[in-house]
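The next block holds one structure in the form of structure tokens; read it before the comments.
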Number of protein chains: 2
Amino acid sequence: MKKAPGRTRDAILAAAASAFAARGFSGTSVDTIAAASGFNKAMIYYHFRNKKGLYVEILRSVFRFMGSRAADIADSDLPPPAKIEAFIDALDSMAATRPYMPPIMMREMAEGAVHLDSGTLRLMAAIFNNLRRILDEGLAKGVFRPAHPVLTYFTLISPIIFFRGAAPIRVALGKTHLPDVRVVDPAAFVANVKSTAITVLTAGATGARSPRPPRRRGRTNRPGDHA
Amino acid sequence: MKKAPGRTRDAILAAAASAFAARGFSGTSVDTIAAASGFNKAMIYYHFRNKKGLYVEILRSVFRFMGSRAADIADSDLPPPAKIEAFIDALDSMAATRPYMPPIMMREMAEGAVHLDSGTLRLMAAIFNNLRRILDEGLAKGVFRPAHPVLTYFTLISPIIFFRGAAPIRVALGKTHLPDVRVVDPAAFVANVKSTAITVLTAGATGARSPRPPRRRGRTNRPGDHA
DNA sequence: GTCTATATCGGGATAGAC
DNA sequence: GTCTATCCCGATATAGAC
């Protein structure tokens, strides 16, 4: 049925990503992945060295992709605040497009990145460094105030990853124990993260012109959207 | 050597919490926990039903503790902004005192809370509801603007959990790939989360008197980090 | 490249002595 | 309450046919 070159590999990778996201590395059996991919278990060992090899391959692609997007944004000619917004948008759209990313990232964080070889760690560091470049540029241009890059990094990344990654538990809790809580639109959440970031970064900057005054768009924050 | 009543149980719980945090539920073997606790594997099955029973016991204690702290704060007579700060402080001090908490929470989020029975989910919901009470009180008193509780919840929780939970990878990355990055003081990070939260919540509130004008302490944050 | 066995072993769980 | 010994399933990994 399925014969295209590299197709098998991709099917396995896709199935594995979802499975690893849902149940973690050791919680996922190779048989499960094989079944989900539509192929046999032996194919996994044919295309990848072993279970960990498959897992690391996924991690690498995740961080590589994020790193290249971050580099594109940092290299662009957008003004720094727009770069920050683009950075957040990119992160969120990746999380939305590839729902396996947030859980996998959360698990790796919790695990202390023991599965990450030096090359993959470099990819992670690259993402951070691109954010740092944006911050430095904004500072040099006088549109950002000084901000610790690590602190900023976590403040931007964590809400997106957490919100997207916690989607299943969020809806489960909403249905059973918090039925009166209005569902949160992901776009509203992202808009909120963006406007928060911009305001924090631009407030008190040395430079005169704040190229994009922090206004709220969307109805993230409107009278009466409390519970 | 160790004979005090309930001491064995506690030793097992402590060893299990660390192990589960580091390697997850299925990544941790019962033998490992037994060895770390100083007891034998059979003792685990004597004191707890099975591996999952032990795990759920830990989850329950975590959420119960957080829930009771949150309730205390919500019930206190502090002004709402101080309650928010106390809420954040409590969360962070729990994460600092019990380093196993952030990783376990991150893993449970990623897993969609499949290990959580209805009772434990109620405990989680209780934490959220206490935050919501604080927000409602602030709104009623005119010191907070309307804010969606879920959005606020994630914005407060995720940076703390992420930052504390990612401590191992943070230092590892810092040493190997980002040697020039200044180490972030957890206290500075928490201060930043607090001042951001307060400013966001109080900005544009209807009420006249803001019982605690959002001033920043520490140098994490300065003029106008609202949004 | 893809499949069907199958070897091998780790780990959850229990029996039963002390 | 605590230990040793053991059962046994499930999961990684491989051999080898097609």
Does any N or O in the side chain of [X] come within less than 3.5 Å of the main-chain N or O of [Y], such that one atom is a donor and the other an acceptor?
{"X": "B:R107", "Y": "B:A22", "result": "yes"}
{"X": "A:S37", "Y": "A:A34", "result": "yes"}
{"X": "A:K83", "Y": "A:A74", "result": "yes"}

Report all interatomic pairs (protein N or O, nucleotide N or O of nucleotides 3-5 of chain D) with separations under 3.5 Å.
| from | atom 1 | to | atom 2 | distance (Å) |
| --- | --- | --- | --- | --- |
| D:dC3 | OP2 | B:N40 | N | 3.2 |
| D:dT4 | OP2 | B:N40 | ND2 | 3.0 |

Rounded to the nearest Å, what distance is computed from the [atom1] atom of residue [X] to the [atom2] atom of nucleotide [N]?
{"X": "A:I44", "N": "D:dA11", "atom1": "CD1", "atom2": "P", "result": "13 Å"}
{"X": "A:N50", "N": "D:dT12", "atom1": "CG", "atom2": "P", "result": "11 Å"}
{"X": "B:K51", "N": "C:dG10", "atom1": "NZ", "atom2": "C1'", "result": "12 Å"}
{"X": "B:I33", "N": "C:dA13", "atom1": "CD1", "atom2": "C1'", "result": "14 Å"}
{"X": "A:D31", "N": "D:dT14", "atom1": "CG", "atom2": "P", "result": "14 Å"}
{"X": "A:Y46", "N": "D:dC18", "atom1": "OH", "atom2": "C1'", "result": "14 Å"}

B:R164/B:M105 under side chain to side chain contact (heavy atoms under 4.5 Å, CB included): CA gap, chis, key distance, verdict: CA-CA 11 Å; B:R164 290 285 186 184; B:M105 285 189 63; over 6 Å; no
Run B:L173 and B:V181 through side chain to side chain contact (heavy atoms under 4.5 Å, CB included) and show every step you take. CA-CA 10 Å; B:L173 258 182; B:V181 174; over 6 Å; no
Think B:Y45 has a side-chain N or O under 4.0 angstrom from the OP1 or OP2 of C:dA13? yes
Rounding to 0.5 Å, atoms CD1 (B:I134) and CG (B:L139) come to a distance of 13.5 Å
Supply the atom-to-atom distance B:T28 OG1 to B:F20 CZ, rounded to the nearest 0.5 angstrom. 5.5 Å
Please give me every residue in residues 13-29 of chain A whose heavy atoms get under 4.0 Å of an atom in DNA chain D, ordered by residue number. A:T28, A:S29
With salt bridge (Lys or Arg N to Asp or Glu O under 4.0 Å) as the criterion, how do A:K194 and A:D92 come out once you've worked through the C-alpha distance, each side chain's angles and the decisive distance to 0.1 Å? CA-CA 11 Å; A:K194 281 159 67 174; A:D92 183 69; over 6 Å; no
Using heavy atoms to find the nearest nucleotide of DNA chain C for B:R49 and A:H47 separately, return the residue whose nucleotide is more 5′. A:H47
So is B:K52 actually on top of B:F25's ring, under 6.0 Å and inside 45° of the axis? no
